Participant: 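First, the structure itself, so that you have it in front of you.
The shown structure was predicted, so the numbers you read here are calculated from the model rather than taken from an experiment.
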Amino acid sequence: QVQLVESGGGLVQAGGSLRLSCAASGLSFSSYVMAWFRQAPGKEREFVSAISRNGGVTNYADSVKGRFFISRDNAKNTVYLEMNGLKPQDTAVYYCAADFGPAMRISTYVYDYWGQGSQVTVSS
């Protein structure tokens, strides 16, 4: 049974930082592209960042570029999202996802597995 479990969310003031973690089990972790998505209240789930299987290539949404950084540790079956310079508009539930597909993709429809989400709230 595949499980993706996010942790590290919480309440932070604008300008602060948080680090999300996503621990994976039940899958061959290094065979999957890993990504982070987020969903704010009343909005569709949107792509945040993705990282290639060996961690050598990353991709970011324009809204987080230069502030957020994705990384992975294949020995620990874990992907991370370092979030700096947080803004109130970053408030959302953050989800990690795993894709067995051939390339880093930003569509929610192609990802095979999802975590349960971690709430991030940024106060102004």
Side-chain angles (χ1 to χ4, degrees):
Q1 180 182 359
V2 175
Q3 282 193 312
L4 302 178
V5 180
E6 300 99 335
S7 61
L11 173 64
V12 64
Q13 289 188 332
S17 298
L18 282 174
R19 188 194 197 202
L20 300 180
S21 299
C22 172
S25 60
L27 77 171
S28 179
F29 183 73
S30 60
S31 297
Y32 286 80
V33 168
M34 297 300 296
W36 290 94
F37 289 78
R38 67 186 181 185
Q39 188 166 18
K43 295 189 176 181
E44 292 189 352
R45 194 169 297 188
E46 65 174 4
F47 172 79
V48 175
S49 182
I51 188 166
S52 62
R53 290 167 175 80
N54 66 2
V57 181
T58 57
N59 189 21
Y60 297 93
D62 287 343
S63 58
V64 306
K65 204 169 291 184
R67 299 188 297 122
F68 289 13
F69 299 94
I70 191 171
S71 61
R72 66 190 294 164
D73 185 338
N74 286 347
K76 295 183 178 180
N77 287 1
T78 302
V79 61
Y80 306 96
L81 186 68
E82 182 76 30
M83 304 184 292
N84 303 309
L86 283 161
K87 306 175 182 179
Q89 52 264 45
D90 293 319
T91 294
V93 177
Y94 284 72
Y95 298 89
C96 71
D99 178 18
F100 195 67
M104 294 195 296
R105 300 180 284 185
I106 66 172
S107 170
T108 59
Y109 296 104
V110 304
Y111 280 79
D112 301 295
Y113 303 107
W114 292 85
Q116 83 288 348
S118 181
Q119 177 70 47
V120 171
T121 303
V122 184
S123 63
S124 56

Participant: Please identify each residue that fulfils salt bridge (Lys or Arg N to Asp or Glu O under 4.0 Å) with Arg105, with sequence neighbours left out.
Facilitator: Asp99

Participant: Do other residues, nucleotides or ligands put more than 12 heavy atoms under 6.0 Å from Leu27 CG?
Facilitator: yes

Participant: Less than 4.5 Å apart, side chain to side chain, heavy atoms only: is that true for Tyr95 and Leu4?
Facilitator: no

Participant: Donor-acceptor check, side chain of Tyr32 to backbone of Ala97, threshold 3.5 angstrom: yes or no?
Facilitator: no

Participant: Does the Glu6 side chain pair with the main chain of Leu20, one donor and one acceptor, at a distance under 3.5 Å?
Facilitator: no

Participant: Establish whether Phe68 and Val33 are linked, either directly or via other cluster members, by ILVMFWY side-chain heavy-atom contacts under 4.5 Å.
Facilitator: no

Participant: Is there a donor-acceptor contact under 3.5 Å from the side chain of Thr91 to the main chain of Val122?
Facilitator: yes

Participant: Ignoring hydrogens and angles, tell me if any N or O in the side chain of Asp90 forms a donor-acceptor pair with the backbone of Ser63 under 3.5 Å.
Facilitator: no

Participant: Donor-acceptor check, side chain of Ser118 to backbone of Gly9, threshold 3.5 angstrom: yes or no?
Facilitator: yes

Participant: Would you mind reporting whether Tyr60 and Phe69 have side-chain heavy atoms less than 4.5 Å apart?
Facilitator: yes

Participant: Does Val110 share a hydrophobic cluster with Phe47, counting links as ILVMFWY side-chain heavy atoms below 4.5 Å and allowing steps through other members?
Facilitator: yes

Participant: Output all residues satisfying salt bridge (Lys or Arg N to Asp or Glu O under 4.0 Å) with Lys65, sequence neighbours left out; order by chain, then residue number.
Facilitator: Asp62

Participant: Keeping the roles fixed (side chain from Arg53, backbone from Ser30), state whether a donor-acceptor pair exists under 3.5 Å.
Facilitator: no

Participant: Please answer whether the main-chain N or O of Asn59 pairs with a side-chain N or O of Ser49 as donor and acceptor at a distance below 3.5 Å.
Facilitator: yes

